[in-house]
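Taking it in order: structure first as structure tokens, then the write-up.
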Amino acid sequence: MNLALEINKKHIYRSKQCAGCTANTTELRQNVSQEEGSTLTLTCKFNTQGSCGDIKWRIGNYVSNINSSKITITHNDDGIGKQSRMDIHPLYLRDEGNIICGLGDLNITFSVTVRPLPILTISPLSHALEEGQKVSMVCNISNAAEINMTEWKFNWYLENSKKMTETSHTVSGSLLSISSVKTSDNGDYQCRLCRTSPYKCLNQTSSIHVYSKAATIDVCHEEKDNQGIIWEETPASYTLKKTCPAPNIGIATRRCEADGNWGITNMIKCVRKELEEATEKLEDIKGRSEEEKKEVIKVVLDSIKNVATAEGTSSKSISSGNLKKTTTVLNTMINLSSSNTSKILVDENVQENFVGIIDDMLSEKNEDAWTQVNDEDSGNSITSSPSGAGSLLATVEKFGAAVAKNIDTGKPINLVKSNIVIKIERTEKPKIAFKPNNTSSGIELNLTSNSFGNVTFTAAFYKTMGTLLQNKNSSDGVHHFTSEVLSLSLLGANTSNLTTPVILTFNTDTLARNNNLTDNTRKKCVFWNETQGWLSQGCSWVNSSCQCTHLTNFAVLISPIEVTDSYVLRIISFVGCILSVLSTVTTMVVYLKLWRFLKSDRNRLLLNLCAALTIAYVLFLAGIDKTQDNTLCTVIAALLHYFFLSTFCLMLAEGIQLLISVTFVYQAVSKLRWLLLLGWGVPLVVVGVTVGMKYNNEYHSEDYCWLTLSNGVLYSFVGPAVGVILVNIIIIFCVMKALYSSQFIRTKTEKQKIATGVRSVTVLLPVLGVTWLFGVISVNDDLIVFQYLFAVTNSLQGFFIFLFYCIFNVPVRRALEKKIKRFEYRTQSSKIGSKLQVMNTKSTDSGKTKDEDRPQQQFHNPVFRYPRPYIDHNIEDPQYNVQTNRSLCLSSPYDTSAVGNRYNYRPRTYMLS
């Protein structure tokens, strides 16, 4: 409806003279009638001369001059007259009354009457019945006395298309009856109430589920729940709908589970009428004066407090729908107030009511209702704002910020309830200390060391919040018990990276005792993240307290240490890594001691591989769980990324060198420098690019200093790893083909051929990294066998290298034998030399003997002859660093035997055994 009132020459004018202003208009009182839910448009105009100010609108007792989501006001001044237009949409029944448009002392009054729409109800909302039974659905208008029913007409439809004919109508209602239902009658039946001019349709839906007599199915028998709702007999896996019990409005649902037992009544859509009205009042608060806002907030809080008290003092809990609606109303009210500079929320009565409402909501008997709210909100992926019980944390923080704007130094506000304690204070002290009475929990923060001066803080203690918050990260399968929640925020300060951590103490002993936990428990300091649940980044358990480098909402998770797959895998990994570190170090020492006998490019690559594995394993053992410091954890994750990737690239270099030695017989030019560049250079590029792209976007995981899977960082390791694995598998086949094509292998029996091939593959597998294939397969948690295979084979990779390249390696054993023989020769030589020196000493002329005149002769007894200088039979000459026997592959360069002072070179080969 568009109603315009303006100056007309036929009307009697009235003028108002004021300083520099003359305004003329008709003195009118206009009656306006408009339908509920429509848009009401009002226009008024004044002829003016001079400066008369702006036209002002008043709705009831409140001035409304600022646009809101419901009201839009536009002004126009053409120099001759002032015009203003107000649009109200949608129009509610509560909008009925006087709306005044005024300029100076001249007013135009619109008396607004709102015509209600029909209130359509249907019964039953849903029904499950056996084939052949009769069903009746009734559609009524509850406010028929207020409606002109001659304009409206009833119709029934099945699945919104098929018009039903088995109906009978009265002035205020309609009945649909089906005498004998069939399975084909399943579906949604819609009762439509329509008007042709102006066109308008209202509808309600009833669902019918028909099941066959012959079918053998479980059913839930008729039952009355604790809300007083009677649920009729219903087949399994079907959900019934009922009208919410008074004084709530809305729809309640309950599902008959597959096993024939009733589920919990879902009241998420059941809301008290007072809460709906409170929401509507807050929608109109924008644009009003500070006093008017304060009055509206007071009225809304009183209304909510009455609802919470009424439901909280009874044996019943607050319904999930009322919890969710109350949370929304409180959050809306705080958002409106926190953007204000006035002292709206400083009033003690308002503060007590606000905290009292939250205290009632946090009662332990509301735990099941909060579970429904959390489940409902977690299933709504569209909502990005805080939801569920966690939204109360954000609401309290905003409440503290709004109150703190107007608090005086040294005059703290303490709000103490049974389930929540809040302290708001402006302080100049060097330290914040918050410790609620009758609890051992508390918060300490050194302000001086963190360079904070005069600060205003809000500290809160939530007794039951830990059990009400839904843990979204409990993927380890272990049940966690959550402590009370502590919260601390500083107004206007950056607290994301504290120099000195905040110290939080929790009553963990009582929590463990109440849940019958022994001393064998794990404690984890966490903070609440609305989208991800409990996280531990930046927090650590130190000396029986939590230390965190940022401020938010904190708790402690306690869980019994159980022998789970993850725990066993962790133990296996740590034991295997320790053994591998000892093995790789031993391997490097052995090869360096025997280097003159084992010198080759392939062994140089092996030493580099052992060095990379040793560093990677040491980093893994020392820093995999250092998640408290984000920067340190990122550095450890990057180093692990680099060295484990280097082991892959060095494994690839090993494979390439092996393939070259088998394929190219007379390859004389060493490719070592290029292979080392591949092993150490390529990983440096990959890790540098990855860290540069993802450093500020979660490079490592929350629980370990290793690459995270959430944003794809792990694929920068998995991708190259899979590539190396595939290439090395191809190399294995090529090497095996070369081995089987040799003349040596062909002379073996079939059994010996298989044994030789198995031994060869067993040696190559740990070095060439095929064991990491188990790690790629074990990404799926269901494949636990591959997780165990990966943990065992990969953590023991260093031990396998030691086993096959030291213990079972023929060249190493022969080199060791030569080393031992040389040592024995040197020992024997030393002993013989000592004896000869003693004999020569005895033969000196210390007195006249019978042999004095005998001429001295050279002593020729071969027993006392000095041994010939030992000639190394494995001296390597770079000139002959070639392989001369392709069929026997994996050979050392050339062996030598001494002939005088010259060397005679002859090929010497080794085979894998």
Side-chain angles (χ1 to χ4, degrees), residues 36 40 42 56-73 86-102 110 112 114 247 249 271-310 322-361 385 391-392 394-396 398-406 413 415:
E36 178 187 6
L40 175 64
L42 302 175
K56 295 183 178 179
W57 291 89
R58 178 177 289 273
I59 301 176
N61 297 323
Y62 302 112
V63 175
S64 181
N65 292 313
I66 300 177
N67 292 335
S68 65
S69 59
K70 179 181 177 181
I71 299 175
T72 303
I73 299 174
M86 173 183 280
D87 294 308
I88 303 176
H89 179 80
L91 189 64
Y92 297 135
L93 293 176
R94 70 175 187 276
D95 295 322
E96 190 171 85
N98 292 333
I99 299 178
I100 301 172
C101 173
F110 299 92
V112 179
V114 181
I249 57 175
V271 180
R272 292 281 290 255
K273 187 176 181 181
E274 299 95 317
L275 296 178
E276 291 287 0
E277 292 175 349
T279 304
E280 295 172 358
K281 289 176 183 178
L282 289 176
E283 289 177 359
D284 301 337
I285 197 174
K286 189 175 180 181
R288 297 186 180 181
S289 67
E290 304 306 328
E291 288 300 321
E292 291 171 346
K293 289 179 180 179
K294 183 175 180 180
E295 183 63 26
V296 171
I297 289 177
K298 183 178 182 302
V299 170
V300 168
L301 282 176
D302 288 339
S303 177
I304 299 175
K305 179 62 177 175
N306 292 335
V307 171
T309 302
N322 286 326
L323 284 176
K324 183 176 182 179
K325 192 67 176 179
T326 302
T327 303
T328 303
V329 172
L330 291 177
N331 194 48
T332 302
M333 185 185 68
I334 291 300
N335 287 337
L336 290 171
S337 302
S338 60
S339 60
N340 219 300
T341 58
S342 66
K343 297 186 178 182
I344 288 181
L345 292 179
V346 177
D347 179 86
E348 292 184 2
N349 182 57
V350 172
Q351 294 174 20
E352 286 293 329
N353 280 346
F354 182 89
V355 179
I357 291 169
I358 294 180
D359 181 64
D360 291 335
M361 296 171 69
S385 58
S391 64
L392 286 181
T395 300
V396 170
K398 292 177 183 177
F399 167 78
V403 175
K405 288 181 180 179
N406 304 285
I413 296 176
L415 302 168

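Since the structure is predicted, the reported quantities are computational estimates derived from the model, not experimental observations.
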Please enumerate all residues that pass salt bridge (Lys or Arg N to Asp or Glu O under 4.0 Å) together with [X], with sequence neighbours excluded.
X      : value
Asp359 : none
Arg58  : none
Glu36  : none
Glu274 : Arg272

Handout entry: Option passing side-chain contact (heavy atoms from CB on, under 4.5 Å) with Thr332 (candidates Thr328, Ile334, Asn335, Leu330)
Key =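 Testing Thr332 for a side-chain contact (heavy atoms from CB on, under 4.5 Å) against Thr328, Ile334, Asn335, Leu330 leaves exactly one candidate, Thr328.
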
Which atoms form the tightest heavy-atom contact between [X] and [Y], and what is the distance?
X      : Y      : result
Pro90  : Asp95  : O-OD2, 4.0 Å
Asn322 : Val271 : OD1-CA, 3.3 Å
Glu96  : Val112 : CG-O, 3.1 Å

Exercise for the section: Begin with the C-alpha distance, continue with both residues' side-chain angles, and end with the deciding distance and a verdict on side chain to side chain contact (heavy atoms under 4.5 Å, CB included) for Ile59 and Ile71. Expected result: CA-CA 11 Å; Ile59 301 176; Ile71 299 175; 3.5 Å; yes

Set of side-chain hydrogen bond (donor to acceptor under 3.5 Å, both in side chains) partners for [X], sequence neighbours left out:
X      : answer
Lys56  : none
Asn98  : Arg29
Glu295 : none

Exercise for the section: Please step through side chain to side chain contact (heavy atoms under 4.5 Å, CB included) for the pair Thr395 and Phe354, ending with a clear verdict. Expected result: CA-CA 11 Å; Thr395 300; Phe354 182 89; 3.8 Å; yes

Exercise for the section: With the side chain counted from C-beta on, respond yes when Trp57 and Leu42 share a heavy-atom pair under 4.5 Å apart, and no when they do not. Expected result: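 Yes, their side chains come closer than 4.5 Å.
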
Exercise for the section: State, yes or no, whether a side-chain contact exists between Ile358 and Val396 at a heavy-atom distance under 4.5 Å. Expected result: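 Heavy-atom side-chain distance check passes, below 4.5 Å.
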
Exercise for the section: Calculate, to the nearest 0.5 Å, the distance between atoms CG and NZ belonging to Leu275 and Lys273 respectively. Expected result: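 Taking CG in Leu275 and NZ in Lys273, the distance rounds to 12.5 Å.
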
